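Each remark here refers to the structure printed beneath this line.
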Amino acid sequence: QVQLVESGGGLVQAGGSLRLSCAASGRAFSSYNMAWFRQAPGKERQFVASASWSGMNTDYSDSVKGRFFIFRDNAKNTVDLQMNSLKPEDTAVYYCAAKRFRGEFPGTGPNDYSDWGQGTQVTVSS
C-alpha cells in the first residue's frame, strides 16, 4: 500500500495553467502504475491521465490530450500533472491514484486502482 497526498490545486482563469503534484510514501513507488482522475459535482469519477511504473507509457483522456501532461519522478516519489489551456469544464476535484504493477498497463477505470489521495480542488473561471 502507498499513501498519496495531492497539492497544487486552486483557482485559475480559463486559458491559464496549473501544476498538480502527488507525493507518495513508501519505498516501492517505482513498482506502481500511477494515474490522475477527476470528479465534478454530481458526476462520476473520470480518468484524466496515467503513467506506467517506469514512466515510459503514458495515456490521456481525449478531453485533456494535448493540454495536460503527466510526469513521474521515481527518485522523488512524485507524479505531477501539468495542466495547460484550462477550461471551465476542467473544474473538479483531482485525485491521484496508484496500483501496484503486476505486468499490466495502467487502467482507465477507478476500479483499476487500489490507493487514492484525498483530492485537490481545481476551479477554472470563465
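All figures in this text were calculated on a predicted structure; none of them were measured in a lab.
At a threshold of 4.5 Å between non-hydrogen side-chain atoms, the residues Phe68 and Asp90 count as touching. Two residues are said to be in side-chain contact when any heavy atoms from C-beta on lie closer than 4.5 Å; Phe69 and Asn84 meet this criterion. In this structure, the side chains of Met83 and Leu20 come closer than 4.5 Å at one or more pairs of heavy atoms. Contact of the Phe47 side chain with the Tyr60 side chain is not registered, since no non-hydrogen atoms from C-beta on lie closer than 4.5 Å.
Note that the CG atom of Asn57 and the OG atom of Ser50 stand 8.5 Å from one another [nearest 0.5 Å]. Rounding to the nearest 0.5 Å gives a distance of 14.0 Å between CD of Glu44 and CZ of Arg38. Note that CE of Met34 and OG1 of Thr58 are 14.5 Å apart. Values are rounded to the nearest 0.5 Å. Rounded to the nearest 0.5 Å, atoms CG (Leu18) and CG (Leu11) are 8.5 Å apart. Atom CD of residue Gln46 and atom OG of residue Ser63 lie 5.0 Å apart, to the nearest 0.5 angstrom. Distance check, rounded to the nearest 0.5 Å: CZ of Arg72 to OG of Ser54 gives 7.5 Å.
Side-chain N or O atoms of Tyr113 include none that pairs as donor or acceptor with a backbone N or O of Trp36 at under 3.5 Å. Between the side chain of Glu6 and the backbone N or O of Cys96 there is at least one donor-acceptor pair closer than 3.5 Å. Not one N or O on the side chain of Ser85 forms a donor-acceptor pair closer than 3.5 Å with the backbone of Arg67. Remark: the backbone N or O of Ser31 is not paired with any side-chain donor or acceptor of Asn74 at under 3.5 angstrom. At least one donor-acceptor pair under 3.5 Å links the side chain of Asp112 to the backbone N or O of Thr108.
Residues Val2 and Phe101 are members of separate hydrophobic clusters, defined by side-chain heavy-atom contacts under 4.5 angstrom among Ile, Leu, Val, Met, Phe, Trp and Tyr. Connection of Val79 to Trp116 is not established within any shared hydrophobic cluster, with ILVMFWY side chains joined at heavy-atom distances below 4.5 Å, either directly or through further cluster members. By the criterion of side-chain heavy atoms lying less than 4.5 angstrom apart, applied directly or through intervening Ile, Leu, Val, Met, Phe, Trp or Tyr residues, Tyr94 is grouped together with Val12 in one hydrophobic cluster.
Annotation: Tyr95 is not in aromatic contact with Phe37 [ring centroid separation under 6.0 Å not met]. Ring centroid separation for the pair Trp53 and Phe29 does not come in under the 6.0 Å cut-off.
Taking a 6.0 Å sphere around CD of Gln118, one finds it holds more than 12 heavy atoms contributed by other residues, nucleotides or ligands. Shown here is Glu104, whose CD atom has more than 12 heavy atoms of other residues, nucleotides or ligands within 6.0 Å. The environment of NZ in Lys65 is crowded: more than 12 heavy-atom neighbours from other residues, nucleotides or ligands sit within 6.0 Å.
Donor-acceptor pairing under 3.5 Å is lacking for the side chains of Ser52 and Asn33. At a cut-off of 3.5 Å, with distance as the only test, a side-chain donor of Ser25 or Gln3 sits close to an acceptor on the other residue.
Every residue two or more places apart in sequence or in another chain that forms a side-chain hydrogen bond (donor to acceptor under 3.5 Å, both in side chains) with Arg19 is listed here: Asp80, Gln82.
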> How far apart are the C-alpha atoms of Gln121 and Thr123, what are their side-chain angles, what is the distance that settles it, and do they pass the side chain to side chain donor-acceptor pair (under 3.5 Å) test?
Replying inline: CA-CA 6 Å; Gln121 176 70 46; Thr123 303; 3.3 Å; yes
>> For a side-chain contact (heavy atoms from CB on, under 4.5 Å) check, start with the C-alpha distance between Val93 and Thr120, then their side-chain angles and the critical distance, and finish with the verdict.
In response: CA-CA 5 Å; Val93 177; Thr120 185; 6.0 Å; no
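Contact record, Leu81 with Ala49: CD1-CB, 4.1 Å, taken as the closest heavy-atom pair. In terms of heavy atoms, Leu4 sits closest to Ala24 at CD2-CB, 3.6 Å. Across every non-hydrogen atom of Ala14 and Pro88, the tightest pair is CB-CD, 4.1 Å.
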